[in-house]
Amino acid sequence: MAADDYRLLQRSFFARDALDVARDLLGKLLRRDGVIVRITEVEAYRHPNDSANHCRFGLTERNAAMWGPPGRAYVYLCYGIHNMLNLSTNEEGEGAAVLIRSAEPVLGLTEIQRRRGATTTGPTLLTGPGKVGQALQLDTSWSHHPVTEPGGLEALDAPAVGEILAGPRVGIDFAAPADRDAPWRLAVAGTKWVSAPKGLRPV
DNA sequence: AACACGATGGACT
DNA sequence: GTCCATCGTGTTA
């Protein structure tokens with residue numbers, strides 16, 4: 001299949017609750033120039049009433065892309081080092097997004113290795129949100145970029161996946177217990193391209 | 001105007 | 001298992 005045969009996801013795909021979008025994003029593709037990856041693990045950050053969500057204190061300059069139209073990138077810097085990719089969901093005015101936690105190389109493996117500074121072809125190449133950001137060469141200036149339009153970073157359609165695993169989100173111990181325990185981390189079953197298989201179980 | 005800390009990853013014991 | 005790099009953001013004063 002030629003790269004030009006891939007179809008962009010539509011804005012309406014993202015104009016739904018983050019948890020629904022998260023589930024449907026599994027198996028979909030992200031393209032940046034000659035690199036294509038398949039999404040294998042995601043987390044939903046919902047609106048409202050999600051105390052793990054960056055939008056929990058309202059609109060700020062950093063999280064503005066989450067409040068904006070659906071289908072936009074929200075890239076934020078974590079620990080001063082890692083650029084984390086989210087895709088905005090819900091309707092404009094609702095602060096919600098899906099964090100892309102892991103992916104699997106589809107095209108451009110050697111370029112991904114170069115960007116990551118790694119030689120492995122195994123899951124450690126691309127499991128973890130910081131690695132995804134690095135492989136797609138993203139930084140915070142990519143926030144607000146529409147992934148439903150050609151050019152730059154694109155979200156591409158692909159067949160739905162089969163079985164799905166779910167479990168609590170990672171690294172949100174600061175959140176309220178109910179939000180901490182909510183099974184809003186989703187992953188493709190049967191793949192090794194998942195950052196933390198522990199804690200995931202079939203839905 | 002200061003300050004504490006994070007939706008992590010890699011190196012090391 | 002532990003340690004910590006590294007800096008922008010949001011909170012608090």
Expressed in angstrom and rounded to an integer, what is the separation of [X] atom [atom1] from [N] atom [atom2]?
X: A/F57; N: B/dC5; atom1: CZ; atom2: P; result: 13 Å
X: A/E61; N: C/dC7; atom1: CD; atom2: P; result: 19 Å
X: A/Y74; N: C/dT9; atom1: OH; atom2: C1'; result: 9 Å
X: A/M84; N: B/dG9; atom1: CE; atom2: P; result: 6 Å
X: A/L77; N: C/dC7; atom1: CG; atom2: P; result: 8 Å
X: A/L99; N: B/dG6; atom1: CG; atom2: C1'; result: 13 Å
X: A/D173; N: B/dA4; atom1: CG; atom2: P; result: 21 Å
X: A/Y76; N: B/dG6; atom1: OH; atom2: C1'; result: 8 Å

Decide, applying a 5.5 Å centre-distance limit and a 30° plane-angle limit (both strict), whether A/Y45 stacks on B/dA7. yes

Applying the 3.5 Å cut-off to both distances, the Watson-Crick or G-U partner of C/dT6 turns out to be none

Please give the nucleotide sitting opposite B/dA7 as a Watson-Crick or G-U wobble pair, both distances under 3.5 Å, or none. none

Would you mind telling me which of B/dG10, B/dA7, B/dT8 lies closest to the side-chain atoms of A/K131? B/dG10

Tell me what A/R62 touches on the nucleic acid: a base, only sugar-phosphate, or nothing, going by heavy atoms under 4.0 Å. sugar-phosphate

Could you tell me whether the phosphate oxygens of [N], OP1 or OP2, come under 4.0 Å of any side-chain nitrogen or oxygen in [X]?
X: A/T60; N: C/dT9; answer: no
X: A/R56; N: C/dG10; answer: no
X: A/R116; N: B/dG10; answer: yes

For A/T140 and A/C78, take the nucleotide of DNA chain C holding the closest heavy atom to each; which residue's nucleotide lies nearer the 5' end? A/C78

Of A/H82 and A/H54, whose nearest nucleotide on DNA chain C comes first from the 5' end? A/H82

For residues A/P129 and A/L99, report the shortest heavy-atom separation together with the two atoms involved. CB-CD1, 4.1 Å

Tell me whether A/D50 is salt-bridged to A/R169, with the criterion being a basic N under 4.0 Å from an acidic carboxylate O. yes

Is A/D173 salt-bridged to A/R180, cutoff N-O under 4.0 Å? no

I want to know whether A/H54 and A/Y45 have ring centres closer than 6.0 Å. no

Determine the sole option in A/R185, A/K131, A/R23 for which the salt bridge (charged side-chain N to carboxylate O under 4.0 Å, His left out) test with A/E41 is passed. A/R185

C1' atom, C/dT12 versus B/dA7: distance in rounded Å? 23 Å

